[in-house]
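Since the structure comes first, as structure tokens, the remarks are kept for the end.
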Number of protein chains: 2
Amino acid sequence: MSAKAPTVYDVAEHAGVSIATVSRVLRRPADVREATRERVLASVRALGYVPSASARGLAARRTGVVGLFFPDFDAMRETTSFVPDRSGTVPVVRDHASDDDGAAGSDLLYFDEVLRGAEIEAWRNGFVLLVGVGRGADSHTIVSDIAGRVDGLAVLAGSVPDEMLEHIARRIPVVLIAGPRRDDDFDHVSVDNRAGMRALVEHVFAAREADGMLYIRGSIETPDDIERYEGFQDAIAAHPIETRPGVSVVSAEFSRDRARDVATSLVSSGHIPDAIVCANDQMALGVLDALQAHGIAVPGRVLVAGFDGIDAGRHSVPRLTTVRQPMEDLGRAAVHVLSGRLGDPSQPPVTLRLPVSVLVRESTAP
Amino acid sequence: MSAKAPTVYDVAEHAGVSIATVSRVLRRPADVREATRERVLASVRALGYVPSASARGLAARRTGVVGLFFPDFDAMRETTSFVPDRSGTVPVVRDHASDDDGAAGSDLLYFDEVLRGAEIEAWRNGFVLLVGVGRGADSHTIVSDIAGRVDGLAVLAGSVPDEMLEHIARRIPVVLIAGPRRDDDFDHVSVDNRAGMRALVEHVFAAREADGMLYIRGSIETPDDIERYEGFQDAIAAHPIETRPGVSVVSAEFSRDRARDVATSLVSSGHIPDAIVCANDQMALGVLDALQAHGIAVPGRVLVAGFDGIDAGRHSVPRLTTVRQPMEDLGRAAVHVLSGRLGDPSQPPVTLRLPVSVLVRESTAP
DNA sequence: GAAAAGGATGTATGCGCATACAGTGGGGTC
DNA sequence: GACCCCACTGTATGCGCATACATCCTTTTC
């Protein structure tokens, strides 16, 4: 706010020492005699000195910041200019209950949890966290805006073009979150989608002799969907498919609406399976929507299960059995790995698989 | 990752131009002839050049980063070292429903929403967001860690000692979130607690001729509690207290447990009011706990209302009438104001009061 | 009590970039 | 054809700090 922010030079002059001593007081206090140190600190307070991270970063060749990059967490969001509303009135809104977890509620998102974990681990390792959200901005901007400011970057897999990742990785370590390892040299942290889905499907089989089971896939190209589908196949293999002629698979693009449609046409056709397992919770909720609309009992007539552990699944009726991903741990792991690599850049690429757990709730009650 | 990150000098040499031209290509492309520009960009790609934000910040005297500082959002949190669990087993957990929104669920927190709003607005204004969470670290560290890295800082009121705020404010603009204006020169953004509570209490009176009303305060010293209490008094004044001999006030420290105790002893005493309005949702939920434990109908016998609009209130039975704070807007407003001040440092201190809204749900149904 | 060994502090330099200012050259003007 | 103007590019400098190295002063050693 003042005309000009004080620098080390100002502090040095005020305290009657050299700038080297000022710098030492701040960086390695033990190297300075106590009397001198106190004098310098007094000047720091008197002048309101705050060291410039830019200058420090330049000189020290490290910023002390790690970045977390996510794709747009809500593309629908208004990105209109923020215009403060100063009217003094208080609207009274009648908030009707609604199964559809739409506009009314804002449940905890994937993003928020990962972020929280990342922040915690960054702090524990002496870093500060920089948050970047991609919004279709041309990727070039992303590089300049984030990569140049941090010592390391955690990126949600699939949110940044490979070529750009390579570019960034030439300068700083990059950790991919939630993607599978490919033929790259990045560090990876992800959850065990395959084992999780396998365990989920096995739970469903254990809950009921589900002769007819429908598995609803998400977006087929995505790593998550592929891995979960493999887990599904693992479980099916354990229960020879020949004895389960009713097993079938469709895709609903990870969309609640799409899954609702799928389930609706299923009901119309009359071929209702004994269990429906979905590659994510949103689709499972869509299935619940459709079944309840047609008066088909869950879990009475059909068992339903999802994957992710989103909040909405805790509040649906019936509550949704799912596979809970340790999202916060994902964030922590990502920064943990980053921190490790910054400490030892030569270590071989790391791949961390975090365990998931099946949350059994009423939607698959025997 | 490479031995040494390329700099402008490397790019300049590779492209056969001067560093000034390289810098221009990146900062003001229009000032460079297209042929030259393309050549430089090709070199940038070829070398994997990423500009150093530290150097840029030093030279340009601005970082392009705004900070958001919060106090520890969960002091209980494990801050143990993160140890990845590599076991391949998938635990199957039976997740029982429970009214107490305790360990099981992680609902969207105040923090997450404000953060999200801040990120959005930062992006819209060409800034990147730096997140800092205070954890009892000595405040000196905070200054160095955050203030030196950003062009402006948004701080949750009360999370940083005044003296430190003054210190920081000598270097960069500071915006206080959610606190009332005091005799300071900071910019402020907050919600209209007073008008919100007044509207809430008036709604309750409108819903029922509540002769006996209990108002449960939070932590009496906090600005939020004080403002809400004033709002309560406003509403009471409109309904002359002499005609409402049953109006009384107690405090429960914003704690669910404390409020539960208060309500329990109320029931024991037999003096059950017609309506209970709490200074936050947590306490209202505690009241619901106690009343339901004693079989007292809500809203049949007693109306209950809270303040904040937390997620748990959307899932309680009955659903809780409350005052919803626009947390995301708070974050947006904070960065909006910061951005404005960075554009015109001389403008007088800004105070933004964001409107709240009463969410009417079943806990106050007539 | 003199010299060696530390301990404390100062001096000088470079980190990588933006930018004011100084060229440099090509096209237009009369 | 000489001159001016404008568009483009290069040169030189400083941003604020960390740190290697030099210097000076205080102990310690014998």
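Each chain gets a letter, A, B and so on, in the order its sequence line appears, and its residues count up from 1. Source: prediction; values computed, not measured.
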Query raised in the report: Looking at B:V22, B:I19, B:L26, B:V25, which one forms a side-chain contact (heavy atoms from CB on, under 4.5 Å) with B:V11?
Result: B:V22

Requested in this report: Specify the separation, in whole Å, of atom CZ of B:R27 and atom P of D:dC8.
Outcome: 19 Å

Query raised in the report: Whole-Å distance between D:dT9 P and B:R28 CZ?
Result: 14 Å

Requested in this report: Without swapping roles, check the side chain of A:N125 against the backbone of A:S339 for a donor-acceptor pair under 3.5 Å.
Outcome: no

Requested in this report: Look at the side-chain N and O atoms of A:S52 and state whether any lies under 4.0 Å from the OP1 or OP2 oxygen of D:dG16.
Outcome: no

**Report entry** Note, A:D112 side chain near A:V114 side chain (heavy atom, < 4.5 Å)
**Finding:** no

**Report entry** Sugar-phosphate only, base, or nothing, as touched by A:S23 at under 4.0 Å among non-hydrogen atoms
**Finding:** base

Report task. Look at the side chain of B:R171 and the backbone N and O of B:H167, then say whether any donor-acceptor pair between them is shorter than 3.5 Å. Result -> no

Query raised in the report: What string of B, S and - do you get for nucleotides 6-14 of chain C, 5' to 3', when a contact is any protein heavy atom under 4.0 Å?
Result: --SBBBB-B

Query raised in the report: If you measure from the Lys or Arg side-chain nitrogens to the Asp or Glu carboxylate oxygens, is any gap between B:D31 and B:R28 under 4.0 Å?
Result: yes

Query - Inter-residue atom distance A:F127.CZ - A:R62.CZ, 0.5 Å rounding - result: 5.5 Å

